[in-house]
Number of protein chains: 2
Amino acid sequence: MTAIRIGIVGYGNLGKGVEKSIRQNSDMELVAIFTRRDPQSIQAHVPVVSLDEAESYKGKVDVMILCGGSATDLPEQGPQLARMFHTVDSFDTHARIPEYFESVNSAAAANGHVSVISTGWDPGLFSLNRLLFQSILPEGNEYTFWGRGVSQGHSDAIRRVEGVKNGVQYTIPSDEAVAKVRAGENPKLTTRDKHVRECYIVAEADADQARIEAEIKSMPNYFADYDTIVHFISEEELKMNHSAMPHGGLVFRSGMTGEGTAQIMEFGLNLGSNPEFTASVLVAYARAVSKLAARGESGARTVFDIPFGLMSPKSPEQLRKELL
Amino acid sequence: MTAIRIGIVGYGNLGKGVEKSIRQNSDMELVAIFTRRDPQSIQAHVPVVSLDEAESYKGKVDVMILCGGSATDLPEQGPQLARMFHTVDSFDTHARIPEYFESVNSAAAANGHVSVISTGWDPGLFSLNRLLFQSILPEGNEYTFWGRGVSQGHSDAIRRVEGVKNGVQYTIPSDEAVAKVRAGENPKLTTRDKHVRECYIVAEADADQARIEAEIKSMPNYFADYDTIVHFISEEELKMNHSAMPHGGLVFRSGMTGEGTAQIMEFGLNLGSNPEFTASVLVAYARAVSKLAARGESGARTVFDIPFGLMSPKSPEQLRKELL
């Protein structure tokens with residue numbers, strides 16, 4: 001079997017995660033990394049190429065994995081690269097997905113390419129499970145918990161507080177709330193009931209820590225509606241213990257069949273590294289893209305359109321025999 | 001939209017569950033129940049028809065949901081009905097799935113029908129998750145726990161013990177083992193570590209309960225390798241508290257990305273009624289079958305071949321907008 005030839009577009013945390021994931025998949029081969037930065041500034045074991053020269057890799061890359069951001073990179077790069085290659089991305093601006101789908105779909109379909117958009121875990125695996133759960137249990141309540149994980153938005157917010165030198169914020173699901181849902185109690189949960197927010201702060205030497213803590217805890221939208229725990233730590237401790245990017249979460253459906261029979265479905269992720277996991281999802285969908293392309297399909301797809309069998313290196317016969 | 005016209009073949013616990021599930025899905029309509037028994041012996045709100053007359057329902061039923069057993073019913077009925085109708089079933093004899101697939105595939109393909117085999121939760125949703133998990137995390141350990149639920153095989157085994165009038169056996173995952181897996185400890189678990197077996201026994205009036213308990217706990221294959229708890233209760237208590245058919249379980253992958261980053265994926269079910277839940281899965285796949293048929297596809301399929309989007313009554317546009 002010929003290896004699936006992969007290109008990575010964008011070499012941040014996600015792109016580096018894709019590089020690592022490809023090493024775990026023997027049916028794939030990394031061909032090149034494409035960047036908007038100066039290619040000379042990136043050290044890698046494969047060619048690093050200016051994104052402007054991507055076209056010269058037509059015929060040399062089977063699937064481009066787009067690792068740029070959803071705010072400005074992907075709206076431009078998604079359709080642009082779908083004209084030249086099969087692609088997969090993790091576009092995650094929920095509200096703009098229909099519009100993004102149309103734009104990538106036009107570009108991909110017109111050029112005979114397949115593009116899977118908005119993979120990852122949310123959107124992605126969580127969306128898939130919500131769909132599965134509500135299709136099987138049309139009557140019921142859905143619950144989503146996020147964490148334990150770093151929220152970039154909340155970490156940015158605490159770093160904007162006067163006297164804060166650096167800081168990280170973790171979103172943590174409430175054990176009590178999760179236990180109630182798991183037990184089928186169908187609780188009504190407020191924002192405060194569902195998640196706790198925990199902040200690790202490096203304060204400026206002369207800063208008033210009590211004032212910082214009060215300011216964080218009362219910050220509207222970000223913290224006021226939550227129980228928030230604030231720890232002050234040193235810059236060294238922050239670097240040593242809070243540089244990883246863990247995340248995860250839980251999706252539940254607490255449903256009902258027949259005459260009030262409780263049925264609970266649950267999907268959970270506990271991720272040591274959010275970008276490395278998201279990268280691994282992208283890589284599995286890149287395999288699906290290459291199989292769809294081999295069938296002659298074209299156009300944009302989402303996780304809802306992709307049978308799980310296509311994500312595996314195994315044949316349908318092997319899957320039926322070993323896994324069903 | 002015209003409702004999807006459903007026929008139920010076999011009116012045991014599973015068939016009755018399908019009948020209830022259809023009531024929760026407004027895009028479906030139950031047309032008739034087909035049985036090998038005397039149709040007069042079954043009371044229902046729709047026609048009850050002898051299975052021998054199923055052919056007269058060609059053109060009146062869109063999808064037949066086969067609710068017979070895997071040992072003797074489905075090996076015969078699966079291919080037989082796939083010649084006449086689109087079908088979905090829950091064939092669950094793991095070792096014989098490849099052979100059953102071929103036999104249903106030939107019958108369905110030759111007659112332009114679509115048949116989804118081996119749905120339900122194991123095989124079915126658990127298989128899907130194992131496939132998803134290993135496709136995303138190729139390096140890692142897989143764990144499956146079953147229960148808390150009634151095991152028919154073990155319940156039968158205790159009822160064969162001399163002096164036992166009636167009894168029910170529950171398989172229960174060990175909380176401690178589950179906690180270790182959830183925490184990413186990658187434990188090596190023996191059979192005894194993973195599950196506890198709990199038996200509720202109605203003994204004959206003159207039976208030696210100590211002898212019964214000892215005999216159960218030392219029974220090879222069924223109980224000897226487990227920690228087993230035995231309770232003696234009255235026939236009334238058994239009927240009142242142990243007539244439900246709860247089940248469920250957990251599938252985990254404790255995987256690794258990059259340089260030893262732990263990543264844990266989990267899927268769990270806590271089912272008040274095993275047959276009602278399995279029925280709800282069959283009904284969701286019946287919808288997928290009708291969509292595949294509308295596309296002109298034919299042949300046998302498994303859960304690995306079916307995109308989740310096809311299980312939903314919602315359109316692809318709606319799914320992208322509301323759920324992605």
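Chain identifiers are assigned alphabetically (A, B, ...) following the order of the sequence lines, protein sequences preceding nucleic acid strands; residue numbering begins at 1 within each chain.
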Exercise. Relative to chain A, which segment of B/Glu102 carries a heavy atom at a distance below 4.5 Å: side chain, backbone, both, or neither?
Worked result: side chain
Exercise. Which pairs with one or both residues in residues 283-320 of chain B pass ring-ring contact (aromatic ring centres under 6.0 Å, His included), sequence neighbours excluded?
Worked result: A/Phe308-B/Phe308
Problem set entry | Reported OG1-to-NZ distance for the pair A/Thr261 and B/Lys20, which is rounded to 0.5 angstrom | 6.0 Å
For this session: Could you look at A/Lys314 and say if it's the side chain, the backbone, both or neither that has a heavy atom under 4.5 Å from chain B?
Result: side chain
Seminar exercise, completed: Among A/Leu324, A/Ile264, A/Leu323, the residue with the most heavy-atom pairs under 4.5 Å to chain B is A/Leu324
Problem set entry | When A/Val303, A/Leu125, A/Asp122 are compared by non-hydrogen pairs under 4.5 Å with chain B, the top option | A/Leu125
For this session: Taking heavy atoms only and a threshold strictly under 4.5 Å, list by residue number the residues of residues 126-136 of chain B that touch chain A; give 'none' if the list is empty.
Result: B/Ser127, B/Leu128, B/Asn129, B/Arg130, B/Leu131, B/Leu132, B/Phe133, B/Gln134, B/Ser135, B/Ile136
Problem set entry | chain A neighbours within residues 287-298 of chain B, where any heavy atom lies under 4.5 Å away | B/Arg287
Exercise. Who among A/Arg182, A/Glu322, A/Glu259 has the most heavy-atom pairs with chain B under 4.5 Å?
Worked result: A/Arg182
For this session: Measure the shortest side-chain to side-chain distance between A/Ser21 and B/Thr257 over non-hydrogen atoms and say whether it is less than 4.5 angstrom.
Result: no
For this session: Go through the steps to decide whether A/Leu271 and B/Met265 satisfy the test side-chain contact (heavy atoms from CB on, under 4.5 Å), and finish with yes or no.
Result: CA-CA 8 Å; A/Leu271 309 176; B/Met265 306 179 75; 5.6 Å; no
For this session: Using non-hydrogen atoms and a 4.5 Å limit, figure out which bit of A/Gln318 sits close to chain B: side chain, backbone, both or neither.
Result: neither
For this session: Please state whether the side chain, the backbone, both or neither of A/Ile306 comes within less than 4.5 Å of a heavy atom of chain B.
Result: backbone
Problem set entry | Atom group of A/Val281 that falls short of 4.5 Å from chain B, counting heavy atoms | both
Problem set entry | Heavy atoms of other groups near B/Glu176 CD, more than 12 under 6.0 Å | no
Problem set entry | Those residues of residues 242-256 of chain B, ordered by number, that approach chain A below 4.5 Å (heavy atom to heavy atom) | B/Met256
For this session: Flag the pair B/Gln263 / A/Leu269 as yes when at least one side-chain heavy-atom distance between them is below 4.5 Å, and no otherwise.
Result: no
Exercise. Which of these, B/Glu317, B/Lys321, B/Arg320, sits in a side chain to side chain contact (heavy atoms under 4.5 Å, CB included) with A/Phe101?
Worked result: B/Arg320
Exercise. Which one of A/Gly258, A/Ala284, A/Ala279, A/Pro98 has the most heavy-atom pairs closer than 4.5 Å to chain B?
Worked result: A/Gly258
Problem set entry | Residue among B/Gly272, B/Ser118, B/Gly184, B/Gly17 with most heavy-atom pairs under 4.5 Å to chain A | B/Gly272
Problem set entry | Contact origin within A/Leu137 toward chain B - heavy atom pairs under 4.5 Å | side chain
